[in-house]
Amino acid sequence: MFMSKKIIIGNWKMNPSSLMQAEDLFKSIQKNISSKIKTDIIICPPNIYLPSFAKTLAGKEKLKKIFLGAQNVSYEEKGAFTGEISAEMLKDIGVKYVILGHSERRMMGEDNFDINKKIKASLFAGLVPILCVGEKERDENHKYLNFIKNQIEECLNGVVKNSVSKIIIAYEPVWAIGKNAKREAIPKEFLEMSIFIRKILSDKFGVKSIKKTKVIYGGSVNPKNVLDFLKEGEADGFLVGRDSLNPKKFTEIIKICEA
Ligand code: PGA
């Protein structure tokens with residue numbers, strides 16, 4: 001698993017504050033990425049910056065390992081849904097991935113049923129869903145395992161077997177995310193969870209259908225812990241928040257994955 005192709009996703013959240021800053025950041029990342037790398041890099045900026053980035057990437061061989069992702073999508077196809085953006089609209093401007101079920105969106109009221117509809121709408125439009133799951137805290141009785149199982153089962157309810165390998169599962173323990181993180185997760189915790197997640201998926205969809213499904217780690221990923229998560233945690237990739245806004249750290253993370 002350590003040798004398989006990795007994916008690194010940069011979740012910029014609601015940053016930076018201007019198009020000019022966003023383009024600068026995007027350029028600083030681009031210039032350090034060779035077209036020869038094996039790792040897929042997915043940049044998920046605020047939607048408003050996506051068209052400009054799509055233009056930059058269009059037809060450029062050198063930038064072929066960089067892809068665009070959104071941080072959310074509507075589950076509706078079109079119509080009277082003020083403020084919403086559909087999966088087809090994202091696809092149309094060149095977006096390939098979409099982060100769904102991030103804990104920050106769940107905190108705003110999104111639940112597993114909304115996420116389930118968003119996953120189906122994304123798959124239907126040809127976007128690759130990045131499904132985030134993660135418990136708020138770990139209890140001694142291991143109730144958090146059931147919590148994760150429930151998140152996965154409800155979010156993937158009704159998804160057809162053939163589509164499961166297209167979905168990326170990002171395990172992001174909420175207690176390890178952001179500047180208020182309680183502590184960093186350790187690779188062993190991720191490894192155990194990714195085995196558990198694969199078991200849930202194979203029980204639900206069959207072991208064959210999930211062979212290519214990637215399980216990645218997110219939560220305070222940085223250049224110092226990434227190698228351990230690769231080696232000991234056997235992560236298929238990473239979802240990076242804060243350090244994706246720092247071109248030096250982000251490209252360092254990419255280089256470590258490549259090496
Ligand atoms: P962090 O964020 O890397 O800043 O902890 C991760 C995330 O929220 O996806």
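Start at 1 and go down the list; that is how both ligands and their atoms are numbered. The chain is numbered in sequence order, starting from 1.
Heavy-atom contacts of Gly219 reach the following atoms of ligand 1: 5 (O) (cutoff under 4.0 Å). Of all the atoms in ligand 1, the ones that sit under 4.0 Å from a non-hydrogen atom of Ser220 are 1 (P), 3 (O), 5 (O). For ligand 1, the atoms lying closer than 4.0 Å to a non-hydrogen atom of Lys13 are 2 (O), 7 (C), 8 (O). The Asn11 neighbourhood of ligand 1 comprises atoms 9 (O), with distances under 4.0 Å to a heavy atom of that residue.
Classification of Lys64 and Glu61 as a salt-bridged pair holds, one side-chain N sitting under 4.0 Å from a carboxylate O. One finds no salt bridge joining Lys78 and Glu88 here, because no Lys/Arg side-chain nitrogen approaches an Asp/Glu carboxylate oxygen to under 4.0 Å. With respect to the salt-bridge test (charged N to carboxylate O, under 4.0 angstrom), the residues Glu192 and Lys188 qualify. Between Arg106 and Asp111 there is no salt bridge, since no side-chain N of the basic residue sits under 4.0 Å from a carboxylate O of the acidic one.
Ranking protein heavy atoms by distance to atom 4 (O) of ligand 1, first place goes to Arg242 NE, 2.7 Å. Counting protein heavy atoms only, atom 9 (O) of ligand 1 is closest to Glu172 OE2, 2.8 Å. Considering only non-hydrogen protein atoms, atom 3 (O) of ligand 1 sits nearest to Gly241 N, 2.9 Å.
Contacts classified as salt bridge (charged side-chain N to carboxylate O under 4.0 Å, His left out) and involving residues 145-154 (residues at least two apart or in different chains) are given here: Lys149-Glu153.
When the shell of 6.0 Å around NZ of Lys60 is examined, it contains more than 12 heavy atoms from other residues, nucleotides or ligands.
Not close to ligand 1: Lys179, with no non-hydrogen atom less than 4.0 angstrom away.
Checked against a 3.5 angstrom limit, the closest N/O atoms of Gly178 and ligand 1 fall inside it.
Side-chain N/O atoms of Glu77 and Ser86 include no donor and acceptor closer than 3.5 Å.
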